[in-house]
Structures are given as structure tokens and as C-alpha cells.
Engineer: 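Dropping a structure here in C-alpha cells format, bear with me for questions.
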Amino acid sequence: QVQLVESGGGLVQAGGSLRLSCAASGNIFRISVMGWYRQAPGKQRELVATIASGDTTTYADSVKGRFTISRDNAKNTAYLQMNSLKPEDTGVYYCKVRTRYVSNDYWGQGTQVTVSS
């Protein structure tokens with residue numbers, strides 16, 4: 001089992017920045033990939049960024065060049081640095097991890113990000 005707690009969401013103006021954190025606990029040594037997803041009101045949840053154990057990253061086209069995902073293994077924490085925020089970035093952001101050996105997905109509770117015009 002892995003438990004995830006997100007933090008760092010809030011209200012910002014367009015062009016501003018936020019840094020989200022995802023703290024993992026439990027069977028942390030089984031974590032392979034960590035990622036961030038978001039869900040805007042009335043829309044499907046979508047992938048934002050992922051980071052693998054070897055620090056290989058992927059990003060949605062809509063956030064490339066603006067968002068940076070990272071992880072601090074000593075703190076069992078993943079981060080999402082969000083710069084140049086746009087109103088369309090508004091939504092609930094969820095942390096997700098995938099475990100190795102037995103592949104399971106675990107989700108955090110989500111943190112609200114609101115970007116005003």
C-alpha cells in the first residue's frame with residue numbers, strides 16, 4: 001500500500017506560479033513512476049506529467065516548457081513546478097504513483113488549482 005498527500009494548490013493570477021508537492025508513505029520502495037494528473041470542471045481527467053525511477057520525464061503538450069516535474073527520493077516526494085500559468089490550467093490536480101513487480105496505481109486526494117484571468 002502507498003498513501004499520497006498532495007499540497008501546494010491555491011489561487012493565482014494568469015502568469016503566476018505554483019509548486020505542488022506529493023508526499024508518499026507506506027511501501028515507498030515499490031514506487032516506479034510518479035505522475036500528476038488534472039481534472040477541469042466537467043472534463044475528463046488528463047495526464048500532465050510523469051517521472052520514472054531513472055528521472056525520465058514526460059509532459060502533456062499543453063504544459064511543455066511551463067511545468068517541471070521532479071522527485072526527491074530522500075523525502076519520498078514528487079513536485080510539480082508550474083510557471084506561466086493560464087486559466088485553462090485550472091482544475092483539481094492529483095498525484096499518482098505506479099508500483100513495480102506487482103503493478104498497482106495509487107491516487108492522492110487532489111489539490112485545487114485555480115488560475116484567474
Side-chain angles (χ1 to χ4, degrees):
Q1 293 276 9
V2 177
Q3 294 79 45
L4 305 173
V5 178
E6 302 104 326
S7 62
L11 173 64
V12 297
Q13 296 182 30
S17 298
L18 284 174
R19 193 188 206 200
L20 306 183
S21 298
C22 172
S25 61
N27 194 0
I28 58 175
F29 294 106
R30 293 187 60 220
I31 295 175
S32 178
V33 179
M34 307 186 76
W36 289 94
Y37 292 71
R38 68 187 181 189
Q39 188 167 19
K43 295 188 176 182
Q44 301 279 65
R45 189 173 299 183
E46 64 177 351
L47 176 67
V48 176
T50 65
I51 183 166
S53 297
D55 291 339
T56 300
T57 58
T58 63
Y59 297 93
D61 288 341
S62 59
V63 306
K64 286 181 180 177
R66 300 188 297 119
F67 291 10
T68 302
I69 188 171
S70 61
R71 62 195 293 175
D72 185 338
N73 292 327
K75 296 181 178 179
N76 306 314
T77 300
Y79 304 94
L80 185 68
Q81 179 67 46
M82 304 185 294
N83 298 325
S84 302
L85 283 162
K86 304 174 181 179
E88 52 262 43
D89 294 320
T90 293
V92 179
Y93 283 68
Y94 298 90
C95 181
K96 189 196 83 173
V97 304
R98 173 158 289 183
T99 55
R100 61 170 63 176
Y101 310 128
V102 178
S103 184
N104 291 315
D105 292 338
Y106 298 90
W107 293 86
Q109 82 286 356
T111 184
Q112 177 71 42
V113 171
T114 303
V115 184
S116 62
S117 300

Engineer: Report the distance from atom CD of Gln81 to atom CG of Leu18, rounding to the nearest 0.5 Å.
Structural biologist: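 Answer for the CD-CG pair, Gln81 versus Leu18, is 8.5 Å.
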
Engineer: Decide yes or no for Val5 and Gln109: does some side-chain heavy atom of the first lie under 4.5 Å from some side-chain heavy atom of the second?
Structural biologist: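 Yes, at least one pair of side-chain atoms sits under 4.5 Å.
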
Engineer: Counting distance only, does the side-chain N/O of Thr111 pair as donor-acceptor with the main-chain N or O of Tyr93 below 3.5 Å?
Structural biologist: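 Side chain of Thr111 to backbone of Tyr93: no pair is present.
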
Engineer: For Glu6 and Cys95, indicate whether the former's side chain and the latter's backbone hold a donor-acceptor pair under 3.5 Å.
Structural biologist: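 Yes: the side chain of Glu6 pairs with the backbone of Cys95.
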
Engineer: Does the structure place the NZ or CZ of Arg19 under 6.0 Å from the centre of the six-membered ring of Tyr79, at an angle of no more than 45° from the ring's axis?
Structural biologist: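 Judged by the rule, Arg19 and Tyr79 form a cation-pi pair.
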
Engineer: Which class fits the ring pair Tyr94 and Trp107: parallel under 30°, tilted 30 to 60°, perpendicular over 60°?
Structural biologist: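 Ring orientation, 0 to 90° scale: perpendicular.
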
Engineer: Could you walk me through whether Gln1 and Gln3 pass side chain to side chain contact (heavy atoms under 4.5 Å, CB included), step by step?
Structural biologist: CA-CA 7 Å; Gln1 293 276 9; Gln3 294 79 45; 3.5 Å; yes

Engineer: Can Lys64 and Asp61 be counted as an ion pair, charged N to O under 4.0 angstrom?
Structural biologist: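 Yes, charged N to carboxylate O under 4.0 Å.
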
Engineer: Applying a strict under-4.5 Å side-chain criterion to I, L, V, M, F, W and Y, I'd like to know whether Leu47 and Leu20 cluster together.
Structural biologist: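 In one cluster: no.
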
Engineer: Any non-hydrogen side-chain atom of Arg66 less than 4.5 Å from a side-chain atom of Asp89?
Structural biologist: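 The answer is yes; the side chains approach within 4.5 Å.
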
Engineer: So do the side chains of Phe67 and Leu85 get within less than 4.5 Å of each other, counting heavy atoms only?
Structural biologist: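 Yes, at least one pair of side-chain atoms sits under 4.5 Å.
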
Engineer: With sequence neighbours left out, which residue pairs that include part of residues 105-117 fulfil the salt bridge (charged side-chain N to carboxylate O under 4.0 Å, His left out) condition?
Structural biologist: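 Matches after skipping sequence neighbours: Lys96-Asp105, Arg98-Asp105.
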
Engineer: Have a look at Arg71 and tell me which of Ile31, Val33, Thr57, Thr77 forms a side-chain contact (heavy atoms from CB on, under 4.5 Å) with it.
Structural biologist: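 Exactly one pass, corresponding to Ile31.
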
Engineer: What is the minimum heavy-atom distance between Ser84 and Ser17, and which atoms define it?
Structural biologist: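 Looks like N-OG, 4.3 Å.
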
Engineer: Taking Arg30 for its side chain and Val2 for its backbone only, find out whether a donor-acceptor pair lies under 3.5 Å.
Structural biologist: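 Pair absent, no side-chain N/O of Arg30 close to backbone of Val2.
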
Engineer: Please say yes or no: joined through hydrophobic side-chain contacts below 4.5 Å, possibly via intermediate residues, are Met34 and Phe29 part of one cluster?
Structural biologist: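 Both belong to a single hydrophobic cluster.
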
Engineer: Roughly how far apart are Lys75 NZ and Ile28 CD1, rounded to 0.5 Å?
Structural biologist: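 Rounded to the nearest 0.5 Å, the NZ-CD1 separation comes to 14.0 Å.
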
Engineer: Atom CD of residue position Glu88 - does it have more than 12 heavy atoms of other residues, nucleotides or ligands inside 6.0 Å?
Structural biologist: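 Yes, enclosed.
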
Engineer: Backbone N or O of Thr90 within a donor-acceptor pair of the Thr114 side chain at under 3.5 Å?
Structural biologist: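 Absent.
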
Engineer: Give a yes or no on whether Tyr37 and Val92 share a hydrophobic cluster (residues Ile, Leu, Val, Met, Phe, Trp, Tyr; joining criterion: side-chain heavy atoms under 4.5 Å apart).
Structural biologist: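 Yes, because Tyr37 and Val92 connect within a single hydrophobic cluster, where side-chain heavy atoms sit under 4.5 Å apart.
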
Engineer: So, for Ser53 and Ser32, which heavy atoms are closest and what is the spacing to 0.1 Å?
Structural biologist: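 In terms of heavy atoms, the two residues are closest at OG-O, 2.9 Å.
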
Engineer: State the SG-CG distance between Cys22 and Asn76, to the nearest 0.5 angstrom.
Structural biologist: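 That separation rounds to 10.5 Å.
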
Engineer: Quick check against the 3.5 Å criterion: does Tyr59 have a side-chain atom that pairs as donor or acceptor with the backbone of Ile69?
Structural biologist: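 Yes: the side chain of Tyr59 pairs with the backbone of Ile69.
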
Engineer: In the structure I gave you, are the side-chain heavy atoms of Leu80 and Arg38 within less than 4.5 Å of one another anywhere?
Structural biologist: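 Sidechains of Arg38 and Leu80: no contact.
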
